[in-house]
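Below: one structure, written as structure tokens.
Quick caveat: nothing in here was measured; it's all calculated off a predicted structure.
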Amino acid sequence: MNQKKTIGIIGGISPMSTAVYYSRIATEFNAIMGGLNYPRLVLSSVNMADIHVAQLQKNFREPLRIFINAITDMPSADFILIASNTMHRVVRGLKNIVDRDILDIREVVADAVLQNGFHKVLLLGSKYTMEGRFYREYLTERGLNVLVPNEEERTALNDLIYNKLCIGDVNDENNLLVQNIVSRLASAENVEAVVLACTEFSLLKQDFCIPAFDSTELHVKAAVTKALSF
């Protein structure tokens, strides 16, 4: 078995999760191929500050422009991963413009949840992901019943992501915050599983009372499978 396709990663959103992507893709590839085999991949890292300012201004054309340039910088990549759940809000527009396949993180998450027989899920991520339509509607269209935390919890999670996890501040208090939110919704709303729709959540311990679907881990596995297939 040889690698058939080169992986392209748009990273930098944040550098912490981008490092996890590279490490886990290499580990997953090597587990399959063995020896000293590691994947061909290229990375274009964007400035997270530019993305964050555009989000605050509700200017989604700017991230689109940034990502088009990032893909242009990776001519050898056969398909693209955006190492960010939140920035999948521009995937539809991006697919209409670029000539490269984009491996949609929402698709691999929905596939995994449904294959495991779950239908009522808790969606955790940035405020943009939890409150926006692009992620919830995608999962709903796939047949999932999607719940999100209350406004106070959404704010706490958003602060955790941007003020802590994105700069590598990971501790037991961070883990406990997410665990408590999951426990409350599992009890109050009988959610069957939790979707960790933030790439930085891959830095957490993920010790939850219900099954968890780590979007980063699922994206990584799907990327390696795609790289090895025709």
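- Residues forming a side chain to side chain donor-acceptor pair (under 3.5 Å) with S14 (at least two apart in sequence, or on another chain): E200.
- Residues N175 and F208 have side chains not in contact (no heavy-atom distance under 4.5 Å, counting atoms from C-beta outward).
- Within a 6.0 Å sphere centred on CD of E131, heavy atoms belonging to other residues, nucleotides or ligands number more than 12.
- The pair D78-K5 does not count as a salt bridge, with every side-chain nitrogen at least 4.0 angstrom from each carboxylate oxygen.
- One hydrophobic cluster holds both I210 and L114 under the rule that ILVMFWY side chains link at heavy-atom gaps under 4.5 Å.
- Qualifying side chain to side chain donor-acceptor pair (under 3.5 Å) partners for E189, counting only residues two or more places apart in sequence or in other chains: none.
- With sequence neighbours excluded, the residues that form a side chain to side chain donor-acceptor pair (under 3.5 Å) with S215 are N85.
- The backbone N or O of F134 lies less than 3.5 Å from a partner atom in the side chain of R106, making a donor-acceptor pair.
- The stretch residues 21-54 participates, sequence neighbours left out, in these ring-ring contact (aromatic ring centres under 6.0 Å, His included) pairs: Y21-H219, H52-Y162.
- F213 meets the ring-ring contact (aromatic ring centres under 6.0 Å, His included) test with F118; sequence neighbours excluded.
- By the side chain to side chain donor-acceptor pair (under 3.5 Å) test, R92 pairs with no residue at all, sequence neighbours left out.
- Between the side chains of D214 and Q206, at least one donor N or O sits under 3.5 Å from an acceptor N or O.
- Judged as a salt bridge (Lys or Arg N to Asp or Glu O under 4.0 Å), and not counting sequence neighbours, the contacts of D172 are K205.
- Shown here are the salt bridge (Lys or Arg N to Asp or Glu O under 4.0 Å) partners of E192, two or more places apart in sequence or in another chain: there are none.
- Both I97 and I82 belong to a common hydrophobic cluster when Ile, Leu, Val, Met, Phe, Trp and Tyr are linked at side-chain heavy-atom distances under 4.5 angstrom.
- Residue pairs meeting the side chain to side chain donor-acceptor pair (under 3.5 Å) criterion with at least one member in residues 221-230, sequence neighbours excluded, are E28-K221, D101-K226.
- Residues satisfying the side-chain contact (heavy atoms from CB on, under 4.5 Å) test with I71, not counting sequence neighbours, are I10, I80, L94, V98, R100.
- The CD1 atom of I161 sits 10.5 Å away from the OG atom of S17 when rounded to the nearest 0.5 Å.
- Sorted by first then second residue, the ring-ring contact (aromatic ring centres under 6.0 Å, His included) pairs that include residues 96-115, not counting sequence neighbours, number zero.
- Here side chain to side chain donor-acceptor pair (under 3.5 Å) pairs that include residues 108-122, with residues two or more places apart or in two chains, are D111-R142.
- For the pair D169 and N174, the minimum side-chain heavy-atom distance is below 4.5 Å.
- E153 places a side-chain heavy atom less than 4.5 Å from the side chain of N150.
- With hydrogens and angles left out, the side-chain atoms of S84 and T199 include no donor and acceptor closer than 3.5 Å.
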